[in-house]
J.: 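I'd like to ask you about the structure that follows.
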Amino acid sequence: MNNQIRTRFAPSPTGYLHVGGLRSALYGYLYAKKTGGKFILRIEDTDQGRLVEGATEKILAAMKETGLIYDEGPDVGGNYGPYIQSQRKNEYMKYALELVEKGAAYYCFCDKARLENLPDVNGARRYDKHCLSLTKEQIKAKLDNGEPFVIRQNMPTVGSTTYHDCVYGDITVANSELEDQILIKSDGMPTYNFANVVDDHLMAINCVMRGNEYLSSTPKYNLLYDAFGWEKPMYIHMPVIMRDAQHKLSKRNGDAAYSDFIEKGYLREAVLNYIALLGWSPKNNQEKMSLIEMENLFSIEGINKSPAIFDPMKMNWLNGLYIKEMDFDAFMDYATPFIQKTKVAGKYDMVKLCKLLQGRIEFFGEIGDKVDFLEEFGEYDTELYINQKQKSDKEIAATVLPHVLETLNSVETWENSALYEALKNLAVSLDLKNSQILWPTRIALSGRDSTPGGATELAELIGKDETIKRLKFSIDLLNK
């Protein structure tokens, strides 16, 4: 085996880059970097009927955006190209015919009707090796007659196949469970399973990292390696990603693609960081990591066997950490397009608004909900004034808000520091806690229990006239 580790990420362009796919790419990249190896990108487009226009370009863009720079691939070249399977079609037929000659594969001419009438075994129709008994003369006659065919792998029917996985240990599968899978389809294109093995060998891939759904089918691949006399790669299978205890995270079920998170306002560094934790943890249990830190900390020993649950709340928390640590100018650049989609666009001081938002959002897509009260102020539930922690209730609010109105009406310098000082002094004069003034004021100005910014920060942002107007409205609401 080549001493230098060569890993690959081989997505199918049947949709945009999904969370599970991005994790496979990330782990392959990290292991290659950690070992001084090479990371290869290969596009597996053999399933022509399910291709999505533009998906390949989206995958390539996402790889570059996340910093997962591949050493070889469709757009950068390399010594083992082409790196798109549909451009390697002739290679697959040549190797399939080699297997036919060796008796490890055979022509199958069965039509759809016969296949649909095969006996149902445990909920699946398994091929019965019917065409394996055809003579060379019969096969030649059918081929000369132009009959459509596929080429199937000739699986052993007795014994078992065992291999070693770096995460799950020794895996043994009874050969009787292995169906004679199709290697070449009737359109001459290889199946994923066959092209995968051929390409991995031809591209000198010696480390295969993929989801553990392939644990039971890996013996099929290994039997192909053995039939060709090729050296098998090392296998590193990763735990499945679940969206909850019962359901897998699945591209087919519409679960989130990488691009979905970016559109919702997640930072690509945070997305990559969170995805790294779905099935792997570093020895030091660090959770927030840059890509360079991941490279240094990554190890096979840190990959878990048990399923990983995709926790949106934890992802939001992690993304929020990244947002809080952003340079303010960079935050404004990210936030501006999201603010421009709201009703408040162009109506408030952007610097002041962004300063209120930066420490109070977990992803940029929250901005609309966080700021809409600025333009949609009206009737609200006065139960919001009740807060035991802040020592506030509706009676206190009804008492203090007229004093707040009078106090703020007399403030000349309309800045947060002056406004805060005025309300703090009011609390002293009324023998109340600061919170008993500030909580009712914030509710009165927003009609919300959660806002970006406190009472005086909101007052500065919306201006004196609007502040006075909202205080009067809220006082009347409490007195109804």
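When reading the values below, keep in mind they use all heavy atoms of this one structure, side chains included, and skip hydrogens, waters and symmetry mates. Bear in mind that the values here come from a model prediction, so they are computed numbers and not experimental data.
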J.: May I ask you to check whether F364 and F331 place their ring centres under 6.0 Å from each other?
T.: yes

J.: Can you tell me how far the CE atom of M332 sits from the CD1 atom of I339, to the nearest 0.5 Å?
T.: 7.0 Å

J.: Just so I know, are the side chains of I361 and K370 near enough to count as touching, which here means a heavy-atom distance under 4.5 Å?
T.: yes

J.: Drop me the distance from C131's SG to D128's CG, to the nearest 0.5 angstrom.
T.: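 Atom-to-atom, C131:SG and D128:CG are 8.5 Å apart.
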
J.: Looking at Y16, is K58 sitting on its ring face, NZ or CZ under 6.0 Å from the six-membered ring centre and within 45 degrees of the normal?
T.: yes

J.: Show the nearest heavy-atom pair for residues V198 and W230, with the distance to one decimal.
T.: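 Smallest heavy-atom distance, with atoms named: CA-CZ3, 4.1 Å.
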
J.: For side-chain contact (heavy atoms from CB on, under 4.5 Å), just list the numbers for L374 and L461, CA-CA rounded to whole Å, side-chain angles, deciding distance to a tenth of an Å, and then say yes or no.
T.: CA-CA 9 Å; L374 293 172; L461 180 67; 4.0 Å; yes

J.: Assess whether salt bridge (charged side-chain N to carboxylate O under 4.0 Å, His left out) is satisfied between D71 and R6, documenting all intermediate values.
T.: CA-CA 10 Å; D71 299 292; R6 286 177 60 83; over 6 Å; no

J.: Tell me, do T157 and K129 make a side-chain contact under 4.5 Å, heavy atoms counted?
T.: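 Counting from C-beta outward, T157 and K129 do come under 4.5 Å.
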
J.: For a 4.5 angstrom cut-off between non-hydrogen side-chain atoms, does L272 reach Y258?
T.: no

J.: Using side-chain contact (heavy atoms from CB on, under 4.5 Å), reason through I69 and V76 one step at a time and then give a plain yes or no.
T.: CA-CA 10 Å; I69 306 303; V76 298; over 6 Å; no

J.: Going by the side-chain hydrogen bond (donor to acceptor under 3.5 Å, both in side chains) test, name the single residue among E72, R42, R88 that passes it with Y83.
T.: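 So the option named by the test is E72.
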
J.: Just how far is it from atom NE2 of H201 to atom OH of Y80, taken to the nearest 0.5 Å?
T.: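 The OH atom of Y80 is 10.5 Å from NE2 of H201, to the nearest 0.5 Å.
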
J.: With ring centroids as reference points, do F9 and Y70 lie under 6.0 angstrom apart?
T.: no

J.: Hey, does the Lys NZ or Arg CZ of K288 hover above the aromatic six-ring of Y322, less than 6.0 Å from the centre and inside 45° of the axis?
T.: yes

J.: So which heavy atom on L357 is nearest to which on P452, and how close?
T.: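 Taking L357 first and P452 second, the nearest heavy atoms are CD2-CB, 3.8 Å.
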
J.: Using the rule given for side-chain contact (heavy atoms from CB on, under 4.5 Å), can you reason through V271 versus M315, listing the C-alpha separation, both sets of side-chain angles and the distance that settles it, and then say yes or no?
T.: CA-CA 8 Å; V271 174; M315 183 171 176; 3.6 Å; yes

J.: Search all heavy atoms of K324 against all heavy atoms of Q358 and return the closest pair with its distance.
T.: O-NE2, 3.7 Å

J.: Once rounded to the nearest 0.5 Å, what's the spacing between atom CD of E263 and atom CZ of F338?
T.: 9.0 Å

J.: With distance as the sole test, does N273 use its side chain to make a donor-acceptor pair with the main-chain N or O of S290 at under 3.5 Å?
T.: no

J.: Go through the side-chain N and O atoms of Y214 and N196 and say whether any donor and acceptor fall under 3.5 Å apart.
T.: no

J.: Does the side chain of Y92 come under 3.5 Å of the side chain of D199 through a donor N or O and an acceptor N or O?
T.: yes

J.: Answer whether the closest heavy-atom distance between the side chains of P11 and L41 falls below 4.5 Å.
T.: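 Yes, close enough: below the 4.5 Å cut-off.
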
J.: Assess the side chains of Y106 and D180: does a donor N or O sit below 3.5 Å from an acceptor N or O?
T.: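 A pair is found: one side chain offers a donor N or O, the other an acceptor, under 3.5 Å apart.
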
J.: Between SG of C108 and OH of Y127, what distance do you get to the nearest 0.5 Å?
T.: 3.5 Å

J.: With salt bridge (charged side-chain N to carboxylate O under 4.0 Å, His left out) as the test, would you mind laying out the steps for K140 and E137 before giving the verdict?
T.: CA-CA 5 Å; K140 184 177 185 305; E137 291 74 18; over 6 Å; no

J.: Could you tell me whether a side-chain N or O of N145 sits under 3.5 Å from a main-chain N or O of E147, the two making a donor and an acceptor?
T.: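 It does not hold such a pair.
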
J.: Any side-chain heavy atom of Y29 within less than 4.5 Å of one from T7?
T.: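 Heavy-atom side-chain distance check fails, nothing below 4.5 Å.
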
J.: Is there a donor-acceptor pair closer than 3.5 Å between any side-chain N or O of Y163 and the backbone N or O of L215?
T.: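 A pair under 3.5 Å: yes.
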
J.: For atom CD of E376, decide whether the heavy atoms of other residues, nucleotides or ligands shown that lie under 6.0 angstrom number more than 12.
T.: yes

J.: Starting from the C-alpha separation in whole Å, work towards a yes-or-no answer on side chain to side chain donor-acceptor pair (under 3.5 Å) for D372 and T342.
T.: CA-CA 7 Å; D372 61 4; T342 71; over 6 Å; no

J.: Verify, without hydrogens or angle tests, whether N319 (side chain) and L267 (backbone) share a donor-acceptor contact under 3.5 angstrom.
T.: yes

J.: Is the shortest side-chain heavy-atom distance between N193 and Y221 below 4.5 Å?
T.: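 Yes, their side chains come closer than 4.5 Å.
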
J.: Would you call K305 and V167 a side-chain contact if the rule is heavy atoms closer than 4.5 Å?
T.: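 SC-SC contact between K305 and V167 confirmed.
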
J.: For P239, is there any backbone N or O sitting under 3.5 Å from a side-chain donor or acceptor partner on N212?
T.: no

J.: List the steps, then state whether salt bridge (charged side-chain N to carboxylate O under 4.0 Å, His left out) holds for K102 with E98.
T.: CA-CA 6 Å; K102 292 179 174 181; E98 181 182 329; 3.1 Å; yes

J.: Kindly confirm or rule out a cation-pi arrangement of K34 over F298, judged by NZ or CZ under 6.0 Å from the six-membered ring centre and within 45° of its axis?
T.: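 Geometry flag: not set, cation outside 6.0 Å or 45°.
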
J.: Indicate whether any N or O donor in one side chain lies under 3.5 Å from an N or O acceptor in the other, for S86 and D45.
T.: yes

J.: For the pair Y31 (side chain) and I5 (backbone), establish whether a donor and an acceptor sit closer than 3.5 Å, ignoring hydrogens and angles.
T.: no

J.: For residues I300 and C166, report the shortest heavy-atom separation together with the two atoms involved.
T.: CG2-CB, 3.9 Å

J.: On a heavy-atom basis, which atom in R442 and which in R448 lie closest, and how many Å separate them?
T.: NH1-O, 3.6 Å

J.: Quick one, K185 and F194 - any side-chain contact, counting heavy atoms below 4.5 Å?
T.: no

J.: State the CD-OG distance between E301 and S281, to the nearest 0.5 angstrom.
T.: 11.5 Å

J.: Mind running side-chain contact (heavy atoms from CB on, under 4.5 Å) on K220 and V173 for me, showing each step along the way?
T.: CA-CA 10 Å; K220 297 178 184 178; V173 176; over 6 Å; no

J.: With ring pair (Phe, Tyr, Trp, His ring centres under 6.0 Å) as the test, pick out the partner of Y274 among F310, W317, Y266.
T.: F310

J.: Between S24 (side chain) and G20 (backbone), is there a donor-acceptor pair under 3.5 Å?
T.: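 Indeed, once roles are kept as given, a pair shorter than 3.5 Å links the two residues.
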
J.: Does E383, at its CD atom, have more than 12 non-hydrogen atoms belonging to other residues, nucleotides or ligands within less than 6.0 Å?
T.: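 More than 12 heavy atoms, drawn from other residues, nucleotides or ligands, come within 6.0 Å of this atom.
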
J.: Check whether any side-chain N or O of R23 sits under 3.5 Å from a backbone N or O of L278 as a donor-acceptor pair, and report yes or no.
T.: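 Yes; judged by distance alone, with no hydrogens or angles, the pair exists.
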
J.: Heavy atoms only: give me the nearest E179-R125 pair and the separation to one decimal.
T.: OE2-O, 3.6 Å

J.: Would you say the side-chain atoms of Y107 and Q138 include a donor-acceptor pair closer than 3.5 Å?
T.: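 The criterion, which ignores hydrogens and geometry beyond distance, is not satisfied for Q138 and Y107.
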
J.: Determine whether more than 12 heavy atoms belonging to other residues, nucleotides or ligands lie under 6.0 Å from atom CG of N79.
T.: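 Open: at most 12 neighbouring heavy atoms sit under 6.0 Å from CG of N79.
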
J.: Would you find a donor on one side and an acceptor on the other, under 3.5 Å apart, between the side chain of Q153 and the backbone of A104?
T.: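 Such a contact is absent between Q153 side chain and A104 backbone.
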
J.: Any sub-3.5 Å donor-acceptor pair from D165's side-chain atoms to H237's backbone N or O?
T.: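 Here the side-chain-to-backbone pair exists.
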
